[in-house]
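First the structure, in the form of structure tokens, and then the observations on it.
The chains referred to below are lettered A, B, ... by the order of the sequence lines, with proteins before strands, and numbering in each begins at 1. Everything quoted here is computed from the prediction, not taken from an experiment.
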Amino acid sequence: MSDKLLLDKPDVAGAQPSGTLAHRRLPRWSPIVIALLAAGLGIGIGNAAGLQSRIQWGLIAALLFVVTTYVVTSVVEDRRQAKDRVATSVVWVCFIVAVVPLVSLAWTTISRGVKLLDGYFLSHSMGGMTNLEEGGGVYHALLGTLEQVGIATLIAAPIGLLTAIYLVEYGGGKLAQAVTFFVDVMTGIPSIVAGLFILAFWNLGLGFGPSGFAGSMALAILMMPVVVRSTEEMLKLVPNELREASLALGVPKWRTILKVVLPTSIGGIATGVMLAVARITGETAPVMLLVFGNSLINPNPFSGAQESLPLYVWNQYKLGNAASIDRAWAGALTLIAFVMLLNLLARGIARWKAPKAVSR
Amino acid sequence: MENSRTSAASPPRPPDDPATALSSSAPAPAADSAPVKGAAVRPGDKVFLGLSRGSGIALLVIMAAIAAFLSYRASIAISKDSVNFLTAFDWNPQADPPVFGIGILAFGTVVSSLIAMAIAVPVAVGIALFISHYAPRKLAAPLGYVIDLLAAVPSIIYGLWGALFLVPYLDGLTRWMDQFLGWTLLFDMSNPGSPARSIFTVGILLAIMILPIITNVSREVFLQSPRMYEEAALALGATRWEVIRMSVLPFGRSGIISASMLGLGRALGETMAVATVLSPGFVFTWHLLDPGSGTFAQNIAAKFNEANDFGRDALIASGLVLFVITLLVNGAARYIIARRKEYSGANA
């Protein structure tokens, strides 16, 4: 790499005929001016040509921005600087191209969801409602989600935690290698495939009907590898000296793990588990196959169809009338708020309980 | 992997290499170290080892069970299929005789994922570079944080936004593509002005969905690129772009590839976002802007409610194909990541 650099140097120097150290440079404000100009032209051209979609305006503006930057810089400075400035402008354009849809997603969800989201919406179900009627609520879905995710966590967290302990504290053999590999593989399973597996095993194989518990099992499958991965990373961060000190005092290994290793890394482990919970809360596909949906309140996750938040959004969207679309947005906002709350909480714990010895 | 190399003698570790130091700091396996004379194996240890090893085995059993149950139900369905399961274009498992195949689904899945990758990978690399090398310091940290959060947005919400917001906005763009790129056949619309619920729109939505994950992984890799190279290049008078092209990108190449594969795995298996946006159809067409086609996951979601037991078996068969494809893609990604770990461990 550095060889290449050295080789590049001579002809670069040759490309600058002036031979002085000070080159002509564009003023610092020039990118901003070019950007404003391009944006203005984009809007102008879009309006003049009668293009309805603002996506086209943006694309025209972005193209103008990059091209103008290149032309202006190669005239005023040299070609190397022009390339550099083009790269900078392309990177900025990438950033804006990505930010626009993501901001629009957040903004749309909030602005359209907030219309219906209130105490009434959170405390009522869809029981006794016709599809076209306005009102109704999300209580049954919220309850279902909490139960399903809770059960999934109860299944997945202990198994994931113990597996990670096995890999880090006892691992090393063939079995540990196999487990590591299959945890990686499991991370990539599409959620619908996990749903199909429980369907094949629990519903078609053993003959049970749809229930919240069936959904929980599929969610647990999706959650396990995430918990294993994050817990493993956290356990590896525990300094070995702590383990050795404890073992040297004659403390049994299992008590060392429970009383020394786990308390040291508990913050990170809790963060990982909560991020995993946040991930499965939004899963729709397995829930749709296994929990089925229900407009009434069914507090029993072990028998009968239940509702869940993502499923509620999907069902209301499918009904497709104005009242149900409003409910879908409000449900979506509830879901996103719930997931974000879990995320923020998880990161809060991570910051609060961060291991002080190892800084990243 | 590296744990296995750690023998009881504990070889000297390079102190400046956190990766190896961490993994080799995992204690020597207790299971195969001979118990010291006089120290009987404590029952607590036995129970704890049994529990944790049991959980590891449980994970393996679950994976095996997934493969076994899906294959079993799929074999029931495929054995009664009257056409070639892999190449047929129809999906009528409840007809007599059953006619179903994954031709359309495979095409739709691959094409939508390819469109998503073509858009998402360059943009994600751009954003990752923006965060790691271009953004003002004050902006970079919160930005990385926001991207982390975006990766957690549930797919159904992307779907809702895609169907109710993106589709109308893409109308103009698709008409444009039809007008100027229609000669490519791919971007020719048979019915200009119909809502953009096509495989192309699905590709764009998937691109937006996988942006955060690709960005996150690439950013991590870019931040790890050796500072020395960058400073050396700068000292030789390289511009910022030359620094990135000559020291950051070559270092991060395999990281970008594996990040893209992870994104691809997610795009292939995405269900709800596709199901909300696409208006599916089982007539094969090269016209990507026309409504129609379908993906594995979307087809399962769409056909599930109307399917009887045999129809569900057929859907499980298509799910098995999806399972195998995502396994291959993710396996390749992990392989590349694992290979990279070794060489970056030497010069990190």
Sub-4.5 Å side-chain heavy-atom contact between [X] and [Y]:
{"X": "A/I60", "Y": "A/W57", "answer": "no"}
{"X": "A/R243", "Y": "A/V261", "answer": "yes"}
{"X": "B/T239", "Y": "B/E242", "answer": "yes"}
{"X": "A/W202", "Y": "A/L290", "answer": "no"}
{"X": "A/T88", "Y": "B/Y134", "answer": "yes"}
{"X": "A/L311", "Y": "A/F292", "answer": "no"}
{"X": "A/F338", "Y": "A/N343", "answer": "no"}

Side chain / backbone / both / neither for [X] at chain B, heavy atoms under 4.5 Å:
{"X": "A/L59", "value": "side chain"}
{"X": "A/V228", "value": "side chain"}
{"X": "A/I96", "value": "neither"}
{"X": "A/I257", "value": "side chain"}
{"X": "A/L258", "value": "side chain"}
{"X": "A/T108", "value": "side chain"}

**Message:** For a side-chain hydrogen bond (donor to acceptor under 3.5 Å, both in side chains) check, start with the C-alpha distance between B/T109 and B/T295, then their side-chain angles and the critical distance, and finish with the verdict.
**Reply:** CA-CA 5 Å; B/T109 306; B/T295 72; 4.6 Å; no
As an exercise: rank [options] by heavy-atom pairs under 4.5 Å with chain B and give me the winner.
{"options": "A/G282, A/A194, A/P225", "result": "A/G282"}
{"options": "A/G331, A/G250, A/A87", "result": "A/A87"}
{"options": "A/R85, A/R255, A/R112, A/M288", "result": "A/M288"}
{"options": "A/T109, A/I159, A/L289", "result": "A/L289"}
{"options": "A/L162, A/V99, A/V193, A/V86", "result": "A/L162"}
{"options": "A/I221, A/V97, A/I336, A/I165", "result": "A/I336"}

Heavy-atom distances under 4.5 Å only: say whether [X] touches chain A with side chain, backbone, both or neither.
{"X": "B/A65", "answer": "both"}
{"X": "B/F323", "answer": "both"}
{"X": "B/L143", "answer": "side chain"}
{"X": "B/I316", "answer": "both"}

Going by atom types alone, do B/W161 and A/S104 pair a side-chain donor with an acceptor below 3.5 Å?
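A pair is found: one side chain offers a donor N or O, the other an acceptor, under 3.5 Å apart.
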Option in [options] with maximal non-hydrogen atom pairs under 4.5 Å from chain A:
{"options": "B/V123, B/I244, B/L327, B/L262", "result": "B/V123"}
{"options": "B/T326, B/N330, B/L160, B/T271", "result": "B/L160"}
{"options": "B/A135, B/G126, B/S52", "result": "B/S52"}
{"options": "B/L129, B/I62, B/L315", "result": "B/I62"}
{"options": "B/L70, B/L149, B/I147", "result": "B/L149"}
{"options": "B/V125, B/I66, B/L59, B/V243", "result": "B/I66"}

Any ion pair linking [Y] and [X] (charged N to carboxylate O, less than 4.0 Å)?
{"X": "A/K253", "Y": "A/E169", "result": "no"}
{"X": "B/R175", "Y": "B/D171", "result": "yes"}
{"X": "B/D148", "Y": "A/R347", "result": "yes"}

- [ ] First locate atom CG of A/L102, then atom CG of B/L211, and finally report the distance between them rounded to the nearest 0.5 Å.
- [x]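 That separation rounds to 6.5 Å.
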Any residue of residues 181-192 of chain A which, by heavy atoms, sits under 4.5 Å from chain B
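At a heavy-atom separation under 4.5 Å, chain B is reached by A/F182, A/V183, A/D184, A/V185, A/M186, A/T187, A/G188, A/I189, A/P190, A/I192.
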- Can you list the residues that meet the ring-ring contact (aromatic ring centres under 6.0 Å, His included) rule with B/F130, with sequence neighbours excluded?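 Partners of B/F130 by the ring-ring contact (aromatic ring centres under 6.0 Å, His included) criterion, ordered by chain and then number, come out as A/W92, A/F95.
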Handout entry: Residue pairs involving residues 54-74 of chain B (criterion side chain to side chain donor-acceptor pair (under 3.5 Å); sequence neighbours excluded)
Key =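 Residue pairs passing side chain to side chain donor-acceptor pair (under 3.5 Å), neighbours aside: B/R73-B/D313.
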Practice problem: Kindly check if the number of other-residue, nucleotide or ligand heavy atoms within 6.0 Å of CZ (B/R266) is above 12? | Solution: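 Count not over threshold, so no.
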Point to revise | With sequence neighbours excluded, residues passing side chain to side chain donor-acceptor pair (under 3.5 Å) with A/Q316 | key: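 A/Q316 satisfies side chain to side chain donor-acceptor pair (under 3.5 Å) with A/R327 once adjacent residues are dropped.
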